[in-house]
Amino acid sequence: MNENELLAELLLPKTDKQPEYYEELYPARNIPEGAKVTRVAPSPTGYLHLGTLFTALVNRITATSSGGVFYTRIEDTDKKREVEGGIADIIGGLNRFGIAIDEGFISGDSEKGEYGPYKQSMRGEIYRCFAKDLIKRGLAYPCFCTADELSKMREEQEKLKVRTGYHGEWARHRNITYSEAKALIDAGKPFVIRLRSGGSESRRVVFDDVIKGKIEMPENDEDFVILKSDGIPTYHFAHAVDDHLMRTTHVFRGDEWISSAPKHIELFRVLGFKQVKYGHISPIMKLDGGAKRKISKRKDPEAAVHFFAEEGYPASAVIEYLMTIAASDFEDWRRVNPDADYKLFKFNPKKMSVSGALFDNDKLNDVSKIIISKMQSGAVYSALCDWAKEFDGDFYGILSTDPDYTAKMLAVDRDGVKNARKDIAKWSEAKSYFAYYFDSLFVPDYSTPERVSPADAKTFLEKYTSVYSESDDRQAWFDKIKAIAPEIGFAAETKEYKAEPEKYKGSAGDLSGVLRLAVTGRTNTPDLCGIMSVLGKEKCAERIKAYINNI
RNA sequence: GGCCCGGUGGUCAAGAGGCCUAAGACACCGCCCUUUCACGGCGGUAACACGAGUUCGAAUCUCGUCCGGGUCACCA
């Protein structure tokens, strides 16, 4: 054995597999030409965040568009930051948003697929095997520096105004010999394994980012850590080993990774792996005061995807909105395919924005309104109840008191209508939106519309009450309003009023405004005729009476 | 500070030297339609960060400035 082999045995004595073993264990995937293999590799240090969902979506749609595979891998190499239940929350969240997972973790505690294990903490031997191989080939070595020594070194570098980091002359253990290492190990000193970088700051690495295009940077020359002192790999090393062995073709990840791409590229090279393609995604931003900044899980409630569930945005609305950010040509496609599943959209990473998009709540609302407006009342009923059950128990109690009534209420202006209303954007708005259907939520408004005096309103409502019949269809219902209009100085037709406004006090439209106010306490509601028929004659009469008595 | 990435209306964005008098969507405003509210239709306000250069011609190419973001860990 030569010195390097001796060192490898000394450092990782129990690791006995060769890289070839894993290469054979995880053969090239049998997928069509051009199919892309992508993944999302969350670290269970918190709950599912918007950025992770967005990244997952982009990876998912890339795989789907190319007939490839999308898998999940858990990056739990940092035990200190791990959060209980994190995996279940993240994977469960992905599931709820309809991000189909072909392989890897499909729930909080189960995985499937031939390329596992899909949790990094279960892959220790694999990393060690590749690290050992690097040591044997003289491309990695142990470093015994303590955190303290490292920070002293850093201070010194800062004082000298040289680039900080463990590189070149500063790489203290770079030339450590077998016997030196052995002495330190025998003395019980902990160590990490560092890459012996062959890079130079004066040379450039160039890579073609599938989103951002050509990126050119100085080579990595840092002897960065690949195996931590507990034998667990750093992100960089795990990324190279895992994505190679799992036969990933494309890695879409947050653009905060751009700066470490040279490290990754060097790793792929020394390990003899085929370089994966990178697509660096710009972060979703948020306006804070006047400044744009990356959405933060600490400051912004919408950073945690849970927020959208609480607000009651349909999961599909959030995805639809994210798609509009992900692909600039998505909305064009949507116009042509208004009802198609977004998964059919052919995603082209070149159409992704290179600068970070500001999270636009107005746009989300609009997208969500469109989605809800297209739902039939049955679907609205179950989605609304599901939401209320979880987030607004009182409202759920109200909704479920009389399911038939609730169903009828939701059908107004929805089922069998050509152009459905774009009204509510999220279920949390429903309570106030539908308030007038329930006495416990109803808030009367005893004002009158602009062109209608309280006296006329009273007269109109008194006349109207005597002729109203619950069985009136829309036409009959409105004919009755029109019949009364001329009796009190209002035009029966809007056109008549507009033609000769001085001749009338207003039009039948204004009078229906009175009726609306009396019955619903609102100036803005869906089809009033439909509402009144759901409410029932008695309830309507009661509200009208109260209104008359109070204006 | 070094190194990267970016900068077109309030927001998302189209744009690959002449087709730009700069598309479309959201928001906002107006009009039309309309029983109300919507939907829909039509229209409007509003942008190439700045400065040099290259070119007959620049939103587009180059350089500089400014501004924003990211990153410089035994975190991912």
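It should be emphasised that the depicted structure is a prediction, and the values quoted were computed from it without experimental measurement.
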S.K.: Give one of base, sugar-phosphate or nothing for A/R204, where a contact means two heavy atoms less than 4.0 Å apart.
M.R.: sugar-phosphate
S.K.: OP1, OP2 of B/C75 versus side-chain N and O of A/K228: anything below 4.0 Å?
M.R.: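 Yes.
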S.K.: Determine the contact category for A/G509: base if any of its heavy atoms lies under 4.0 Å from a base atom, sugar-phosphate if only primed atoms, P, OP1 or OP2 are that close, otherwise nothing.
M.R.: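 The residue A/G509 makes sugar-phosphate contact but no base contact.
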S.K.: Please classify the nucleic acid contact of A/P218 as base, sugar-phosphate, or nothing, using heavy-atom distances under 4.0 Å.
M.R.: sugar-phosphate
S.K.: Using a heavy-atom cut-off of 4.0 Å across all strands, would you classify A/S353 as base, sugar-phosphate, or nothing?
M.R.: sugar-phosphate
S.K.: So what does A/E201 hit on the nucleic acid, given a heavy-atom distance under 4.0 Å: a base, only sugar-phosphate, or nothing?
M.R.: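 Nothing, no heavy atom under 4.0 Å.
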S.K.: For A/I481, report the nucleic acid contact type (base, sugar-phosphate, nothing); a contact means any heavy atom under 4.0 Å.
M.R.: nothing
S.K.: Could you check whether A/D423 gets within reach of a base, just the sugar-phosphate, or nothing at all, counting any heavy atom under 4.0 Å?
M.R.: nothing
S.K.: Could you tell me whether A/S229 contacts a base, only the sugar-phosphate backbone, or nothing, with contacts defined as non-hydrogen atoms closer than 4.0 Å?
M.R.: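 Here A/S229 touches the bases of the nucleic acid.
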S.K.: Consider the side chain of A/R81, meaning its heavy atoms from C-beta on, and name the nucleotide among B/C26, B/A14, B/A76 that approaches it most closely.
M.R.: B/A76
S.K.: For A/Y235 and A/W257, I'd like to know if the aromatic rings sit close, meaning centre-to-centre distance below 6.0 Å.
M.R.: yes
S.K.: Please tell me which of the listed nucleotides, B/A38, B/C74, B/G24, lies nearest to the side chain of A/R194?
M.R.: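 Taking heavy atoms from C-beta onward, the closest nucleotide is B/C74.
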S.K.: So, under a plain 3.5 Å distance rule, would you say the side chain of A/S259 forms a donor-acceptor pair with the base of B/C4?
M.R.: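 Result: no qualifying N/O pair found.
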S.K.: Between A/R154 and B/A73, is there a side-chain N or O to OP1/OP2 distance below 4.0 Å?
M.R.: yes
